[in-house]
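Okay, structure first, notes after.
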Amino acid sequence: AILFVAVAVYFLFFNKKKNSDDQPKQAAIVLKKHTDKFNKSIDSVVNAYLDIKNAFVNADTGGAKAAAKNFIQLLDRLPIDELKKDTATIFETVQGNISDIKSNATSLIQQTDITEMRKDFSMVTEMMYPSFFTTINYEGPKLYLANCPMAFSDSISANWISNSAEIVNPYLGKNHPTYKAGMLHCGEIKDSVVAK
C-alpha cells in the first residue's frame, strides 16, 4: 500500500511538473521596426498636427481647420496594416486610437468658436499622447508634451505636443482677447516622446 501511494504521488506531482516544463513558453510581444514608408507617414501626421497647433498660436481658425482636414486625410492614409506583424491587439488598439483622434479633429472642423476648437485640439492631443505614440512604437524625431495650467477659464489645464522645448502656447496664443501675447510662453514641458 505504501509503495502504491508513493507511485501515485510521483505520477500526480512530479510527472505533471515535468510535462508542464516541456510545454513551449509563450513568446513575449516584441514590436518590430517599422518600414520607412510607415515612419514617413507618421511624420506627416505629426507635422499636420503641428500645423494645427501653430494656427492656434496665431488664432487662425481657418488655418486650423485646413490643417485639421489635412491631418484627417493623412491619418486615413497611414499604412497601419504593417502593425499586423506585431499582434492583433496592437493593430486594433491603433485603429481605435485613430478613430478617436479623427472624431475630435472632425469636431474641431465643425466648430465656429475658437475656444471650442481649442478644446477639440486638446482632446486630439490626449488621444495621441501617450496611447497612440506608445502603441505604434514611435520611431520619429523627439517630441515634447507641454502643458498650460490655465488654458481654459484660467483654471483648466490642457496639453499640446511640440517639436521644440520652447513654450509657444496654442491655447493663449499671440492674440488672446484678454492677455494679447502676454501669455504666449505660459506653460511647461511635462514629458517627451522619443524613439525607443
Side-chain angles (χ1 to χ4, degrees), residues 38-80 94 96-134 136 138 140-194:
F38 184 88
N39 285 332
K40 284 178 182 173
S41 294
I42 294 296
D43 289 345
S44 295
V45 166
V46 169
N47 288 333
Y49 170 93
L50 294 173
D51 289 342
I52 302 169
K53 174 193 68 86
N54 293 335
F56 281 129
V57 168
N58 293 306
D60 179 2
T61 56
K65 288 184 180 193
K69 285 177 186 172
N70 183 44
F71 177 71
I72 291 169
Q73 290 171 353
L74 291 167
L75 282 169
D76 284 336
R77 286 189 233 145
L78 280 176
I80 62 169
V94 170
N97 285 152
I98 290 171
S99 177
D100 291 340
I101 292 166
K102 283 172 49 180
S103 174
N104 286 287
T106 300
S107 178
L108 184 159
I109 293 166
Q110 294 167 348
Q111 299 292 348
T112 56
D113 178 73
I114 191 168
T115 300
E116 294 305 315
M117 291 173 67
R118 283 172 164 149
K119 286 179 181 176
D120 285 323
F121 173 71
S122 170
M123 290 308 301
V124 166
T125 303
E126 297 307 313
M127 298 295 125
M128 291 181 70
Y129 175 89
S131 182
F132 178 73
F133 288 115
T134 302
I136 65 164
Y138 177 72
K142 185 174 184 177
L143 299 171
Y144 299 88
L145 181 75
N147 175 268
C148 172
M150 49 186 289
F152 303 109
S153 303
D154 295 339
S155 61
I156 300 171
S157 71
N159 296 324
W160 73 93
I161 297 162
S162 178
N163 58 347
S164 167
E166 180 187 4
I167 297 294
V168 183
N169 191 316
Y171 299 107
L172 301 177
K174 293 179 180 174
N175 302 306
H176 192 273
T178 305
Y179 306 115
K180 306 302 178 215
M183 300 299 278
L184 179 61
H185 301 292
C186 171
E188 64 179 326
I189 299 297
K190 290 287 193 180
D191 202 354
S192 61
V193 183
V194 292

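Residues take their numbers from the sequence shown, with the count starting at 1.
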4.5 Å side-chain heavy-atom contact, [X] and [Y]:
X	Y	answer
Pro170	Cys148	no
Val57	Leu184	yes
Ile72	Ile109	yes
Ile167	Ser162	no
Asn169	Tyr179	no
Asn159	Tyr129	no

CD of Gln111 to OG1 of Thr106, rounded to nearest 0.5 Å, is 11.5 Å

Interatomic distance, CG@Asp191 vs OH@Tyr144, rounded to 0.5 Å, equals 11.5 Å

State which residues pass side-chain contact (heavy atoms from CB on, under 4.5 Å) with [X]; sequence neighbours excluded, sorted by chain then number.
X	result
Leu75	Val45, Phe71, Leu78, Ile98, Ile101, Lys102
Ile156	Phe152
Gln73	Asn70, Arg77
Lys180	none

Taken in chain and number order and not counting sequence neighbours, the residues that satisfy side chain to side chain donor-acceptor pair (under 3.5 Å) with Tyr171 are none

May I have the step-by-step check of side-chain contact (heavy atoms from CB on, under 4.5 Å) for Tyr49 and Leu143, ending in yes or no? CA-CA 12 Å; Tyr49 170 93; Leu143 299 171; over 6 Å; no

Shortest non-hydrogen separation from [X] to [Y] and the atoms involved:
X	Y	answer
Leu74	Ala48	CD1-CB, 3.8 Å
Ser131	Asn97	OG-ND2, 3.0 Å
Asp43	Pro141	OD1-CD, 3.6 Å
Pro79	Ser41	CD-OG, 3.4 Å
Ser122	Ala158	OG-CB, 3.7 Å
Asn147	Trp160	C-CZ3, 3.8 Å

Contacts satisfying side chain to side chain donor-acceptor pair (under 3.5 Å) that involve residues 53-63 (not counting sequence neighbours) are Asn58-Lys174

Please name all residues satisfying ring-ring contact (aromatic ring centres under 6.0 Å, His included) with [X], sequence neighbours left out, ordered by chain then number.
X	value
Phe132	none
Phe38	His34
Phe133	Tyr138

Problem - Exam field: side chain Ser44 to backbone Lys40, donor-acceptor pair closer than 3.5 Å - result: yes

Quick note, salt bridge (Lys or Arg N to Asp or Glu O under 4.0 Å) partners involving residues 115-126, not counting sequence neighbours, are Glu116-Lys119

Residues passing the salt bridge (Lys or Arg N to Asp or Glu O under 4.0 Å) test with Lys65, sequence neighbours excluded, are none

Sequence neighbours excluded, the answer for salt bridge (Lys or Arg N to Asp or Glu O under 4.0 Å) partners of Glu166 is none

Go through the steps for Val124 and Ile52 under the test side-chain contact (heavy atoms from CB on, under 4.5 Å), then give the verdict. CA-CA 11 Å; Val124 166; Ile52 302 169; 5.9 Å; no

Note to self: Apply side-chain contact (heavy atoms from CB on, under 4.5 Å) to residues Leu172 and Met150 and explain how you reach the verdict.
What the structure shows: CA-CA 9 Å; Leu172 301 177; Met150 49 186 289; 4.3 Å; yes

- Query: So Val193 and Ile161, side-chain contact (heavy atoms from CB on, under 4.5 Å) or not? Walk me through it.
  - Reply: CA-CA 9 Å; Val193 183; Ile161 297 162; 5.5 Å; no

